[in-house]
Amino acid sequence: DQQVKQNSPSLSVQEGRISILNCDYTNSMFDYFLWYKKYPAEGPTFLISISSIKDKNEDGRFTVFLNKSAKHLSLHIVPSQPGDSAVYFCAQHPLFNAGGTSYGKLTFGQGTILTVHP
Amino acid sequence: KAGVTQTPRYLIKTRGQQVTLSCSPISGHRSVSWYQQTPGQGLQFLFEYFSETQRNKGNFPGRFSGRQFSNSRSEMNVSTLELGDSALYLCASSLGTSGRNNEQFFGPGTRLTVL
């Protein structure tokens, strides 16, 4: 079974500096990884994604890096802003569905609470 | 384009009752997935519907069920509520195709409290 782990429960960063959020995963030959941001009492908001055929994807202040040999991905936020303070989840989804067990199923990490101080 | 909507936003029930939650996906999205979020277990997949058919199911007891209508709107039902069912229930919609179009867009959730 796929597993996604975010080993840092929390991260505190100064405004304007870089925030680096990390995620480790198991299994996967051809997977799709996504990052979501979540405020309390709201649903997760999609931020950025990357497929396992790429090493990097960039969208504005957000960049996701994928290290396939280490089975590790990271989200970089530069520069960090106080409005970025939220819980960040990484999630995994197979690119190709095998046996129907992956339809519509994202496997989420436990989340990392990011606090950006002014 | 309107986002994913969920009703009701908050619900309080007592043990043994049943509850029905509703989700309206983004227009054009045919896949609806449901998740349960609790402090201890995080975000866990309940089931997914596509074109009125359940295609996938997570590891939850049979008390948790769902359905999808021809307009892609979906409902989930929890019968014989237990205290442990207290959670934020999230639905997410997507195009439902394989490959890169797997971004799921979430609704605001329904906060269920079981007393």
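Below, read A as the first sequence line, B as the second, and so on, with proteins coming before strands; counting in each chain starts at 1. Side chains are part of it too, since the values below use all heavy atoms of this structure and drop only hydrogens, waters and symmetry mates.
Taken together through direct or relayed side-chain contacts under 4.5 Å among Ile, Leu, Val, Met, Phe, Trp and Tyr, B/V19 and B/F47 form part of one hydrophobic cluster. Both A/F62 and A/L21 are members of a single hydrophobic cluster when ILVMFWY side chains are connected at heavy-atom separations under 4.5 Å. At a threshold of 4.5 Å between side-chain heavy atoms, the hydrophobic network of Ile, Leu, Val, Met, Phe, Trp and Tyr places B/L21 and B/V114 in one connected group. Under a hydrophobic clustering in which Ile, Leu, Val, Met, Phe, Trp and Tyr are joined whenever their side-chain heavy atoms come within less than 4.5 Å, directly or via other members, B/Y49 and B/F64 fall into the same cluster. Linking ILVMFWY side-chain heavy atoms closer than 4.5 Å, directly or via other members, places B/F45 and B/F60 in two distinct hydrophobic clusters.
By the side chain to side chain donor-acceptor pair (under 3.5 Å) test, A/N22 is found to be paired with A/H72, residues two or more places apart in sequence or in another chain being considered.
Applying a 4.5 Å heavy-atom cutoff, the residues of residues 108-118 of chain A that approach chain B are A/F108, A/Q110. For residues 31-42 of chain B, the interface with chain A (any heavy-atom pair closer than 4.5 Å) comprises B/S33, B/Y35, B/Q37, B/G40, B/Q41, B/G42, sorted by residue number. Of residues 73-81 of chain B, no residue lies under 4.5 Å from chain A by any heavy-atom pair.
Side-chain contact between A/Y32 and B/E103: present, with at least one pair of heavy atoms (C-beta onward) separated by less than 4.5 Å.
Scanning both residues, A/K105 and B/N56, for their nearest heavy atoms gives CB-ND2, 3.7 Å. Nearest heavy atom pair, residue B/L90 against residue A/P44, reads CD1-CD, 3.9 Å.
When atom types are taken as modelled, the side chain of B/Q104 and the backbone of A/G104 share a donor-acceptor pair closer than 3.5 angstrom.
In this structure, CG in A/L106 is found 13.5 Å from CD in B/Q44, a value given to the nearest 0.5 Å.
In this structure, A/R17 places its CZ atom where only 12 or fewer heavy-atom neighbours from other residues, nucleotides or ligands lie under 6.0 Å away. Heavy atoms from other residues, nucleotides or ligands lying under 6.0 Å from CZ of B/R15 number 12 at most.
Only the side chain of A/F89 comes within contact range of chain B, with at least one heavy atom under 4.5 Å from a heavy atom of that chain. Both the backbone and the side chain of B/L43 come within contact range of chain A, with heavy atoms under 4.5 Å apart.
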